[in-house]
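Notes to accompany the following structure.
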Amino acid sequence: MSPPLTTRLLDTTVSAGPGLRSRIVERPGLALAPADLAALVEDVRSIARSVLSDRDLTYGIFSGDPETLSRTVLTVVYEMKSGHPVAFNALAILDADLGGRSVEILHLGLVMVRPDVRGSGLSATLYGMTCVLLFVRRQCRAVWISSVTQVPAVVGMVAETFSDVYPGRPGARRSFQHERLARQIMGRWRHAFGVGGEAGFDADRFVITDAYTGGSDELKKTFESAAKHRDAIYNALCAAELDYGRGDDLLQIGQIDMRAASLYLAKVAPPDTVPGLLGRFALLMIQAALLPLVHWLDHTQPWGSLRAWKT
């Protein structure tokens, strides 16, 4: 479900910490000219090669397929002095149905950070900053998110950053909505995160079995080599639920809402990124909420694409 051509897609730059800047591009397959798109994809590939010792991934955004990139939000972090890319997050936009209405799921996708700049909190910044901007862009309506990983540090980050996450903290509840969305993701969108058709899915535990057969083979880890979370409950969850020899993943589903956005600003965002983010939030809110109100009150102007119903 692509947006109409009249919709202005997000393409913005914000601070990502000392000496770093982030470029966030919504649906680059639609928003960018071919040459700009190719350059952005090459930046992402160069980061992946630095992480995987010059091995190449071929699925999803790494293929450069414009159709795939039209359902993606790319966040790429650059060194301000050299302009070199150092980290990225590829967030997929998945269409689903919930209660008879169409919804979008923001799949957190793959985060990679160049080895020499790890440990600076970029993973949380990449996940949270992009999702919060998209949340504001969608008029602060709660948005579903999903994540597929076998890395305890990522499992814990997702559980603590977003709301209503299952599986997550002990006692997390699996609702009918969680299960409905999980089945649709596994039925329609497994190719978006490199899981092959032969992979199984345990709907009780939200565990994808034998997950590394659909193009993401190079990402398979042992439990010992996977980054651990500072809270041991997430390390224990992964150790108990996942068979690392077989190559299992956890599918997590939650929401970004006002509570999660506030938590991000208070605890996750580096202090020097907050002023820039607040400025972007103000501009996005003007576009998403105040501008339609101005048009509503001005009876002399046509509504055009801002009209709330179809004629």
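Numbers for residues simply follow the sequence, beginning at 1. Small disclaimer: the values here were computed from a predicted structure and weren't measured.
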**Report entry** Flag side-chain contact, heavy atom, 4.5 Å: Asp248 against Glu241
**Finding:** no
Query raised in the report: Mind checking whether Val143 and Leu134 have side chains closer than 4.5 Å, heavy atoms only?
Result: no
Query - Qualifying residues under side-chain contact (heavy atoms from CB on, under 4.5 Å), relative to Arg180, sequence neighbours excluded - result: Asp97, Leu98, Phe176, Gln184
Requested in this report: Apply side-chain contact (heavy atoms from CB on, under 4.5 Å) to Ala182 and list each qualifying residue two or more places apart in sequence or on a separate chain.
Outcome: Phe201, Phe206, Leu251, Ile253
Query raised in the report: Hey, is the main chain of His229 close enough, under 3.5 Å, to the side chain of Asn235 for a donor-acceptor pair?
Result: yes
**Report entry** Side chain to side chain, Val73 and Leu106, heavy atoms closer than 4.5 Å
**Finding:** no
Requested in this report: Evaluate the side-chain proximity of His178 to Trp144: yes if any heavy-atom separation is below 4.5 Å, no if none is.
Outcome: yes
**Report entry** Flag side-chain contact, heavy atom, 4.5 Å: Arg23 against Asp11
**Finding:** yes
Requested in this report: Using the side chain to side chain contact (heavy atoms under 4.5 Å, CB included) rule, take Glu79 and Arg114 through it: C-alpha gap first, then chi angles, then the decisive distance, then the call.
Outcome: CA-CA 11 Å; Glu79 292 174 335; Arg114 209 172 66 191; 3.0 Å; yes
Requested in this report: Indicate yes or no: at least one non-hydrogen side-chain atom of Gln252 is less than 4.5 angstrom from one of Ser146.
Outcome: no
Query raised in the report: Taking only residues two or more places apart in sequence, or in another chain, which ones meet Phe135 in a ring-ring contact (aromatic ring centres under 6.0 Å, His included)?
Result: none
Query raised in the report: Lys228 versus Phe223: any side-chain heavy-atom pair under 4.5 Å?
Result: yes
Report summary line: Rounding to 0.5 Å, atoms CZ (Phe162) and CD1 (Ile145) come to a distance of 5.0 Å
Requested in this report: May I ask you to decide if Asp204's main-chain N or O and Arg174's side chain share a donor-acceptor pair within less than 3.5 Å?
Outcome: yes
Query raised in the report: Do Asp249 side-chain atoms and Gln150 backbone N/O form a donor-acceptor pair below 3.5 Å?
Result: yes
Query raised in the report: Should Arg71 and Thr68 count as side-chain neighbours, where that means a heavy-atom distance under 4.5 Å?
Result: yes
Query raised in the report: Can any side-chain N or O of Arg45 pair as donor or acceptor with the backbone N or O of Phe62 at less than 3.5 Å?
Result: yes
Query raised in the report: Ignoring hydrogens and geometry, is there a side-chain-to-backbone donor-acceptor pair from Arg190 to Met186 under 3.5 Å?
Result: yes
Report task. Could you tell me whether the side chain of Ser147 and the main chain of Leu108 form a donor-acceptor pair under 3.5 Å? Result -> no
